[in-house]
Amino acid sequence: MSEPIVVPLLRLRNVAKSFGDKVALSHVDLDVEAGEVHVICGENGAGKSTLMNILAGILQPDAGEMLLDGKSVRFSDPIEAGRVGIGMVHQHFKLVSSMSVAENLFLNRQPLRFGFISDRRVMRERAQTLIARYRFDLDPDASIAQLSVGQRQRVEILKALAFDARILILDEPTAVLTPPEVSELLGVIADLKARGRTILFITHKLKEVKAASDRVTVLRHGASVSTRPTAGLSESDIAHDMVGRDLATPRRRAGGIGSGAPKLSLSGLTMTNASGRRLLDEINLDIRAGEIVGVAGVDGNGQTELSEAVAGLQNARAGAVAIDGKDATNVSPHERRARGLGFIPEDRLDRGLCAGMTIAENVSTDNYAARKLTSCGLIRMAARDAFASEKIRQFDIRGARPGLPVGQLSGGNMQKVVIAREMEKAPNVLVVAQPTRGLDVGAAEFVHGQILAAADRGCAVLLISSELSEIFALSDRIAVMYRGAVLRVLDRTDATEHLVGLLMNGVDEAA
Amino acid sequence: MRDSLQTLSRSLLGPVGAIVAVMACGFLLVLAVSDEPVLAYRDLLFANFDSRSNFALFVNRMTPLLLIGLGVVFSFRAGVFNVGGEGQLYLGAIAATATALAFPHAPGPVLIGLSLIAGIAAGAAWGWIPGILKVRLAVNEVVTTLMLNFVALLLTEYLVINGMRDTTAYGAVSYVLAEQAWLPDIPGLPGATIGAVIALLLAPLAWVALFRTEWGANLRAAGANIRFAEAVGVRAARQVVIAMLISGGLSGLAGAFYVLGIGHRFEQNFSPGFGLIGMTVALLARVHPIGVVATAAFYALILNGAGYMQIDADVPRSLVNLLAGFLVLFMTARFRRGQAPA
């Protein structure tokens, strides 16, 4: 009885929120202790963002109560939440890109001279002090447009801290960052924690949960299912809570991989931009039937160009692409697909799908003839709907019906539509770029299964990913790209994450 | 089925609501300027149906709007912001005129057929230019189609003056076509050209082509997201050019119908801005071919009705411009019910 009862800094009880008849949160309990790093994780659509928006005052709960320092609170807008010390760093940054760092930090609360003229000198000094205090590498005079994504995020964090946020909410902060930026961010979080700030961190990447947090709360279908200390938890424990079952780890069959003549072969493939810089630098790569070659690299080292050159969407300046032993260098995307190329592009809403068109239309595109969905030139609507329904069932596309615009699905389910369309023709050669970007573990597991199944059918797979774990889990060989060139192609058995990581940064120890 | 019914009712709700709101606003305006607001409004809406000749004039007014509107639907659905309907219309009219004048002794059906084909071809060619420029050289189609309107106006004027000008008439007016080249009237509706019937038949055809064929699906995919279309093997550039050919062809047909069915000769400035109104018609119909029938009819109704209103009730016919403005405003406004989930 001697110890005082510790009141959690922030406590949520029975919080619920619905949008119309869609229940986003059904029952959430959450205790956040002062000074801890608390991760909220869950699958896409589990209610993470809704919960954070409630904490930040952007949304108001339908039921339940929020206690801050043991006192019941209710925020009608983000400004009220900010006043009691809750700051949010959004996934999509809210910065004015033409203004400087200092101006963004003090937007709407600039220090004033004579009560109405903004005092740029004082503002700059305060910005400088703030940057120095947290040891961020930022120039207060730089305009946001000049900054990298990671730097912009730090401006966002500083903005929240300048409001004296005691609780800092980071909404999927690593989704937009490159691997080195992620580790820097984790350093920043550790530093903030050491200074006594409380951090709530949303993610669905299990590795980050392990690396960053003290405790983790898992949301599933709008309810909090567990809160546990991270120490002693394994990634698969968390994954189990997230999806409510155990996940199968992707498994590559050993031996006998890749036989016969190459299905896809690239020789000396080179692409330049308008100013003559080499975006692809003499790429040579052969992929045989049943083989998965993973392309690892930090984003922006030519992976996008590689996928588009193979798909025929950008013209190579030199070199050749051959599909199934036949030259396809100057062949249209249409013809390449007719020769058995499948393409799962890196951005589903850009090249993968037409968001405004229905699921049936999206999944049927390029499959009309093969599935006999037309007669006398007219689309057989019933047959097309049946085809779409079949794919929805087969690929477990949730929340879908044939007539629904595909843009209304969640990211993982959209990706399933892309995969359903591309797998329909049983491609000989499959180009897959960032197949699980933004997907939760359950959907990612499904996508991985599909890629492995394609390879098992004898498809040659070019897998491009910035997730090393994905590359290692699926690939038979690993090609590492750096500044448009393939530095090395390693057998997976010879590759280590350390070696690949060095190559990704241009360090080739063997050379 | 449930989906298509839902989309249909949802797509009808907006236009009908907007038209009702516009008419209500218009009535307030008429109330303010006229002693006989009810009469004025009756004229505006119903005088078109007072006599067969009034109705024939209404039908003739609707035909070019409907055809140009349908053409615009094709180009917009393919992602091409074609504002060149006026130029394509003039080219179609002049080509039809020239063809009909060139063979004054040919039998009627042949002459009409040739003239219509010439009109369609000329309009299509005028649409092809911006289409191919956009696809090959990435030239913005708004600029080219707009500019080509002026070129078309001056070119047709030049052609009329230097070759087919009727010197007994004032201005750039061609000779009257041989009578066997005139389009027949709609049976039972003297003065209303048969072109209206063809235009009405083309609307459902356009719908089928766009929404019930793979070709239409590919065209819409190219229009909605050209990067997607390329990636899934749609020959997007070809779709864009074809859409512009159709778009120009339909406007050209409108011009040919006008010459063969209504004017019986080419007259400079025969169009009171059909090209621009046709575009408004398509936009108000939310770029839907069936909706275009309704919006084209509505526009023709108030355009002609305003004339009767001015004569009977002394309400200036420019009221109709105000109503058109209101209509655009109400159609483009989006009334939001509640907040969408984040």
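Everything numeric in this text was worked out from a predicted model, so none of it was measured. Each chain gets a letter, A, B and so on, in the order the sequences are listed, and its residues count up from 1.
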A/E308 versus chain B, the contacting section by heavy-atom distance below 4.5 Å: side chain
CG (A/N315) with more than 12 external heavy atoms under 6.0 Å: no
Heavy-atom closest pair, residues A/R337 and B/V232: NE-O, 3.2 Å
Contacting moiety of A/R336, where chain B heavy atoms sit under 4.5 Å: neither
A/R339, CZ atom: more than 12 neighbouring heavy atoms under 6.0 Å: yes
Value rounded to 0.5 Å, distance of OH in A/Y368 from CG in B/N218: 7.5 Å
Atom group of A/L349 that falls short of 4.5 Å from chain B, counting heavy atoms: backbone
CD1 (A/I79) with more than 12 external heavy atoms under 6.0 Å: no
B/F228 side chain reached by A/N362 side chain, heavy atoms, under 4.5 Å: yes
Any donor-acceptor pair under 3.5 Å from B/N225 side chain to A/L353 backbone: yes
B/W128 CH2: over 12 foreign heavy atoms closer than 6.0 Å: no
A/H334 side chain reached by B/E230 side chain, heavy atoms, under 4.5 Å: no
Max heavy-atom pair count under 4.5 Å with chain B, selected residue of A/T374, A/T365, A/D350, A/L378: A/D350
Under 3.5 Å: donor-acceptor pair, side chain of A/R351, backbone of B/R227: yes
